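What follows is a single structure, written as structure tokens, with notes after it.
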Amino acid sequence: AAGLPIVYGPNSVPPPPGISAPAREAWANNSQMPIPADDPVKLAAVRQLSARNDDIERAKHSATHTLEDRTLGGMTTLWITPREVRHPDKLMIFIHGGAWVLNSRFAQLGLQCAVAGVLGLRVASLEYRLAPEHPYPAALDDIDAAYAEILKEYRPGNIGVFGTSAGGGLTLATLL
């Protein structure tokens, strides 16, 4: 994407404390693609590439799941409904990854659809505002606003939260 190099080990990010020796070795050799948040042209190119993938994933999964956009707390969310909903009173919230600067509610759509299908419930995928245009705490504010709206439809004990990468970090932030 726009001449961005993919860097193969050693990983410049230190490993999390307490992980095993094999995990440290895998971490050290993990490939990296720098996120060019400080270069608007390169960032736009990476976002455009990500959006193309979103279109492909949306077309692929719309054959097996209902994909519906809804606005919650001023934020666009994607509601994924599997063919068979066994738990209409329960909901999983998905928070996408992308270093807080990339991706959308369609990121990791295959994972979201798998969770919806296996669990037999709806998944609400949140599309928070991205940095650097919207610095911290914009993403957290968006998630809080969407969650407040979701609470009007679902009991707190019937809501689960999951995410990937930065979304996993935001997931933890929402639970703490």
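Keep in mind that what you see is a predicted model, and the values were worked out from it rather than measured.
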Supply the atom-to-atom distance [X] [atom1] to [Y] [atom2], rounded to the nearest 0.5 angstrom.
{"X": "E57", "Y": "S62", "atom1": "CD", "atom2": "OG", "result": "10.5 Å"}
{"X": "R129", "Y": "D141", "atom1": "CZ", "atom2": "CG", "result": "6.5 Å"}
{"X": "N53", "Y": "R58", "atom1": "CG", "atom2": "CZ", "result": "11.0 Å"}
{"X": "C113", "Y": "K60", "atom1": "SG", "atom2": "NZ", "result": "9.5 Å"}
{"X": "I159", "Y": "I150", "atom1": "CD1", "atom2": "CD1", "result": "6.5 Å"}
{"X": "N158", "Y": "L91", "atom1": "CG", "atom2": "CG", "result": "9.5 Å"}

### Task
Determine whether I56 and L111 fall in the same hydrophobic cluster, where Ile, Leu, Val, Met, Phe, Trp and Tyr are linked whenever their side-chain heavy atoms lie under 4.5 Å apart.
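Unlinked, I56 and L111 end up in two clusters.
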
### Task
May I ask whether Y154 and V85 are part of the same hydrophobic cluster, defined by side-chain heavy atoms of I, L, V, M, F, W, Y residues being less than 4.5 angstrom apart, directly or through others?
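Each belongs to a different hydrophobic cluster.
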
Measure across [X] and [Y] and return the closest heavy-atom pair with its distance rounded to 0.1 Å.
{"X": "H65", "Y": "A116", "answer": "CD2-CB, 4.4 Å"}
{"X": "L67", "Y": "H61", "answer": "CD1-C, 4.3 Å"}
{"X": "D142", "Y": "M75", "answer": "O-CE, 3.0 Å"}
{"X": "G97", "Y": "S165", "answer": "CA-CB, 4.0 Å"}
{"X": "M92", "Y": "V115", "answer": "CG-CG1, 4.2 Å"}
{"X": "A107", "Y": "N103", "answer": "CB-CB, 3.7 Å"}

### Task
Flag the pair E153 and R122 as a salt bridge only when some basic side-chain nitrogen lies within less than 4.0 angstrom of an acidic carboxylate oxygen.
no

### Message
Can you tell whether the side chains of D55 and R52 come within less than 4.0 Å, N to carboxylate O?
### Response
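No, D55 and R52 are not salt-bridged.
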
### Summary
The single option from L126, D54, T76, T77 that satisfies side chain to side chain contact (heavy atoms under 4.5 Å, CB included) with R105 is T76

### Message
So that I know where these two stand, are Y128 and H96 an aromatic pair - ring centroids less than 6.0 Å apart?
### Response
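Yes, the ring centres sit under 6.0 Å apart.
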
#### Entry: Check: D89 main-chain N/O paired with R155 side-chain donor or acceptor under 3.5 Å
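No.
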
### Task
Applying side-chain contact (heavy atoms from CB on, under 4.5 Å), run through L78 and F94 and close with a yes or a no.
CA-CA 9 Å; L78 175 66; F94 177 74; over 6 Å; no

### Neighbour count >12 (heavy atoms, 6.0 Å) for atom CZ, R86
yes

